[in-house]
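Worksheet for the structure shown next.
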Number of protein chains: 2
Amino acid sequence: MSMQAMAVSETFSRNGKRPIPPAPVVGLFNLMGAPLTFARNEEVYGEGEPAEYLYTVTSGCVRTSKILNDGRRQIGAFYLPGDIFGLEAGDEHSFSAEALAPTTVRIVKRTALTSRATCDSAMASQLLSLTVSELQRTQCRVLLLIKSAQERVAGFLLEMANRKCTANEIELPMSRQDIADYLGLTIETVSRTLTQLENACAIALPTSRRIVLRNRSALARLNA
Amino acid sequence: MSMQAMAVSETFSRNGKRPIPPAPVVGLFNLMGAPLTFARNEEVYGEGEPAEYLYTVTSGCVRTSKILNDGRRQIGAFYLPGDIFGLEAGDEHSFSAEALAPTTVRIVKRTALTSRATCDSAMASQLLSLTVSELQRTQCRVLLLIKSAQERVAGFLLEMANRKCTANEIELPMSRQDIADYLGLTIETVSRTLTQLENACAIALPTSRRIVLRNRSALARLNA
DNA sequence: CGACCATTTGATATGGATCAAGCGATGTGG
DNA sequence: CCACATCGCTTGATCCATATCAAATGGTCG
């Protein structure tokens, strides 16, 4: 197994704040089976179910979430086409996963990966690389969560823009409530903050789901 | 490589909220060299330095931290004897590491692990397992950070108590400021919250660094 | 058109930050 | 051995960012 998985710094800026999707893990994708489709809001798997598969998004968008015992919902992550999910460690899923929009995914059995990785060090390396990426993203979340609402929202927009590198206009697949639960804010605060950013000419909001980044450096400045 | 690294659920309670140190990764420890010693507040490595080594704490305690560009400090993690640190991904360290107390660590070169893991699937598995543990802990941090000050402090105390399984009395190796920076709170709020928990008979504070858990279930209840 | 849902906006409340002072333990020099 | 400076922690008073409660707006679909 090569150590490339632990040497992913080229996917990050110097200060570790700007995650970019890791290089595609080709071997893993080759093991993926036929596509499954899910409707908007359909559950891909539930919290507590045995974690038998790894999933990759081929189209659409998936969110992972869990309900805390006081009723609050925490979003684990959003997964876009090309992303792999379902490996949050453990024999059973610690989050549930739902499609945010009509979505297709392809799956591979974990046991298949097990046996393959035992003898295939490239595959083992890919698994490690995947986990490291997930760790990186989670660490960036931690950095966001200790900051102000403006910084969180700005950081979120930059993260989404960097992931789908489609110039400066992004179509958000998730609702305000999803964003709020992801950032540990309320829906009202997210909405107000977006309005503030618009008034500051940092972004434009042609529609509520479509966001134009007018001034990335202003956003990045917020994102201390 | 076995899939055991992805099957660490036995180290977690059903709801994924109570991390316990993973099984020791013996092979990795065997590669570790002679002990190095560090004085209180001495730097083990600095942010931005090349990440050449992996470290294990043999005695004392280490914290990783980074200074944000607005002057705030973020603590990455605390490492106790038996813990391994220095693998926060990337060619260079994204955090610095400092000894909280007189500390000894042992180290192994990353390149040594690289070559070893390429042909030794057990070693590869250990690396994955280690990264998964780190991911798990970071995810627990995220859950803490979206909660109230009481919940964060209670969760922190339970985490520390679970790691050093020394009954119900724990000696905190870190200052209030370290705790505050770890939890994204101020030192005053941490102090006040501990006082509240003491008044509620959930804990006792024989000295400021020594904490007795009087009522774990009350703490856990806070820790939604 | 009308019902419904997501989003925005407004008014008020509150938890934690900030500013400021006091306290206790530890260590140092006289 | 004591006086005093220092450091880490606690406590108090006030302020502010975000939550909460409430209502208006706008877009979508039958």
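Worth saying up front: this structure is predicted, and the values here are computed from it rather than measured. Numbers restart at 1 for each chain; the letters A, B, ... are given by sequence-line order, proteins then strands.
- You'll find the side chain of Cys140(A) stays beyond 4.5 Å of the side chain of Arg137(A), heavy atoms only.
- Side chains of Val44(A) and Glu98(A) form no contact here, defined as non-hydrogen atoms less than 4.5 Å apart.
- Of the possible polar contacts, none joining the Lys66(B) side chain to the Arg73(B) backbone as a donor-acceptor pair under 3.5 Å is found.
- Note: Tyr45(B) and Tyr53(B) fail the aromatic proximity criterion, with ring centroids not under 6.0 Å apart.
- For the segment residues 205-212 of chain B, residues with any heavy atom less than 4.0 angstrom from an atom of DNA chain D are, sorted by number, Ser208(B), Arg209(B).
- At whole-Å resolution of the value, CD in Glu151(A) and C1' in dT18(D) are 14 Å apart.
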Steps toward side chain to side chain donor-acceptor pair (under 3.5 Å) verdict (Thr58(A), Thr104(A)) = CA-CA 6 Å; Thr58(A) 53; Thr104(A) 62; 2.4 Å; yes
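- Taking atom CG on Leu144(A) and atom P on dT18(D), their separation rounds to 13 Å, with Å as the unit.
- Between Glu52(B) and Lys109(B), some side-chain heavy-atom pair lies under the 4.5 Å cut-off.
- Separating the CD atom of Gln150(A) from the P atom of dC16(D) is a distance of 16 Å, rounded to the nearest angstrom.
- Cation-pi check for Arg152(B) over Tyr182(B) is not met; the charged atom does not lie both under 6.0 angstrom from the ring centroid and within 45 degrees of its normal.
- Between Arg40(A) atom CZ and dC5(C) atom P the separation is 12 Å, expressed in whole Å.
- Atom CD1 in Ile146(A) sits about 15 Å away from atom C1' in dG16(C), given to the nearest Å.
- One can place CG of Asp181(A) at 11 Å from P of dA19(D), the figure rounded to the nearest angstrom.
- For the segment residues 185-199 of chain A, residues with any heavy atom less than 4.0 angstrom from an atom of DNA chain C are, sorted by number, Glu188(A), Ser191(A), Arg192(A), Thr195(A).
- More than 12 non-hydrogen atoms from other residues, nucleotides or ligands lie less than 6.0 angstrom from CZ of Arg209(B).
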